[in-house]
Structures are given as structure tokens and as C-alpha cells.
J.: 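Sharing a structure with you now.
Computed over heavy atoms, backbone and side chain alike; hydrogens, waters and symmetry mates excluded. Counting starts at 1 for both ligands and their atoms, following the listed order.
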Amino acid sequence: MKDTSRKKIVVFSGAGISAESGIKTFRDSGGLWEEHRIEDVATPEAWFNNPELVTMFYNQRRKQMMEAHPNEGHLAIAKLESQFQVTVVTQNVDDLHERAGSTDVLHLHGELRKSRSSVDNSLVYEVDGWELTADSKCELGSRLRPHIVWFGEQVPMMAPASEEVMQADILIIVGTSLEVYPAAGLVRIAPSKCIKYYVDPKATQISGVNNLEVIQGRAGEAMPELVEQLIKQYGC
Ligand code: APR
């Protein structure tokens, strides 16, 4: 039973929260989209034209995720649950929030740990280890694809994510360039009375977003400080 006396915090995270765990972001220098063309690895067309290349790309990312560990930023977010109702709405497909101890994590763009049928989206499976192959089939016999939201595809978790953000007392935006929609639009539907923070080395004020404190810093350093401050100021 959710303890409604506790303030509700929604953490909206992006690739930057996992950067200090050794996982590359997408658009920073040396980022993933400098090494790979989105059209080759992250669209339904790419899967249709070259499933081998797409499978290899996500196998590599899955392997790297399994070798990585949550950092101080992830751990600080998990610590918030001791004093607040916390929902993490993440654009990330890694499982570092869960491994850090966060218990309510909503993945907008899918999960590397899962695969799904190429013919029935409702058939979702846990991936055993890091490698999917051409022989990995769903129960209907179709080739398993990564359980990832590719560019041009629907984002089914937007509705529950919007619900969470619209009830937030505190919104923490961390490690995201806010360049990808519809996810980035979430920051504009938080209630105006909601207290907002943007933690990112490149953080700036966001047009149309009020009550926003900008914290230009790396998550591993800035998040533990912010969490201590929030616990002192608003903890139960
Ligand atoms: N701590 C906090 N933020 C950081 C750190 C760090 N240590 N290092 C980098 N950043 C910030 C960068 O300044 C940048 O604003 O992380 C952000 C990463 O931005 P992107 O690479 O654009 O990643 P993200 O916003 O998560 O991308 C959104 O785009 O490619 C798609 O589906 C993919 O979910 C992804 C979506």
C-alpha cells in the first residue's frame, strides 16, 4: 500500500546516469551514434534488411551492460526510497537502476535483458545470458528481436509514465539531452507546483518548464548531494 504521506518523486533519467558506469551515451562526443548509423541498427527497417547486424549491435550492448555496475548516481536514487515514494521513468535500456535497488522502474525505450517475438509484440522473454542468435525463436517460430523501442515505433509506456509525472511533488531530470520525443515531452507535463531539478553537465533552463533548478554536474557527484538535500528538506 503506497504511503501517501510520503512526497512523490519521479526521476526521469537518460544515458548520462550510466556514463560513469562505463556505458556510452548516444550524442556526446565518442557516443554510440557517432560509431553506428541509427538507420543501420535502431529502426524496424534495419531489422528487416539486416537482422544479423542489429542482433550483433544489441548483443554487444547487452554484454557491456552485464559487465557494468551501478554508480553513485544510481545508488543515490535508490536511497530516496527510504523517505519518499519514488518512480524512476528511464529512457535507458540497461538494468542499472534495478541493480542499484530501485524497485519501481518504468522503461520507456525497452530493456536489453528482454527479447520479443517478431510477429506478436505481446510475446516477451527474458534473454538467457548476453547473446541472441538467428536460432532464437518465439513460440510461434519467429526470430526473436531485441525488446527495444526503435525510432519510428510506438512508445507504449508513455501513458503510464505521464500518469506518474502528473502526480509528482518533485521531478528530477538526470543525464538526458532531452532531444528525443515523445519522452522529452514528459518534463513539460509535471504540475507547475512540482519542484524540478535538471542534473547534467550540459543542463540549462528548459522553455515552458517553471520551478526548475539547474545543476550542471555529473550524476555520480551531483545526485548524492541532491539526495541528501532532499532528505533533509522534504524527507518523512
Ligand atoms: N552525468 C550526468 N549526465 C551526463 C554525464 C554524467 N556523468 N555524462 C554525460 N551526461 C549527459 C550529457 O550531457 C547529455 O545531456 O547525458 C546526456 C546524454 O544525452 P543522449 O546521449 O542524447 O542520451 P539520452 O538523452 O538518454 O537519449 C535519449 O535517444 O538514442 C535514443 O533511445 C535512445 O533513450 C535514448 C534516447
J.: Does NZ or CZ of Arg113 come closer than 6.0 Å to the centre of the six-membered ring of Trp130, within 45° of the ring's axis?
T.: no

J.: List the atom pairs, donor and acceptor, that lie under 3.5 Å between side-chain atoms in residues 189-202 and the rest of the protein, sequence neighbours left out.
T.:
from, atom 1, to, atom 2, distance (Å)
Lys196, NZ, Pro191, O, 3.2
Lys196, NZ, Cys194, O, 3.0
Lys196, NZ, Asn210, O, 3.2
Lys196, NZ, Asn210, OD1, 2.8
Tyr198, OH, Thr176, O, 2.6
Asp200, OD1, Lys202, N, 2.8
Asp200, OD2, Thr176, N, 3.2
Lys202, NZ, Asp28, OD1, 2.6

J.: So with a 6.0 Å cut-off around CD of Glu35, is the heavy-atom count from everything else above 12?
T.: yes

J.: Counting only heavy atoms and a distance below 4.0 Å, can you name the residues contacting ligand 1?
T.: Gly14, Ala15, Gly16, Ala19, Glu20, Thr25, Phe26, Arg27, Asp28, Trp33, Gln91, His109, Phe151, Gly175, Thr176, Ser177, Val180, Asp200, Pro201, Lys202, Arg218, Ala219

J.: To check you understand the geometry: which heavy-atom pair defines the closest contact between Arg27 and Glu179, and what is its length?
T.: CD-OE1, 3.4 Å

J.: How close do Val93 and Met65 get, counting heavy atoms only, and between which atoms?
T.: O-SD, 4.3 Å

J.: Strictly distance-based, threshold 3.5 Å: is any side-chain N or O of Gln216 a donor or acceptor partner for the main-chain N or O of Ala203?
T.: yes

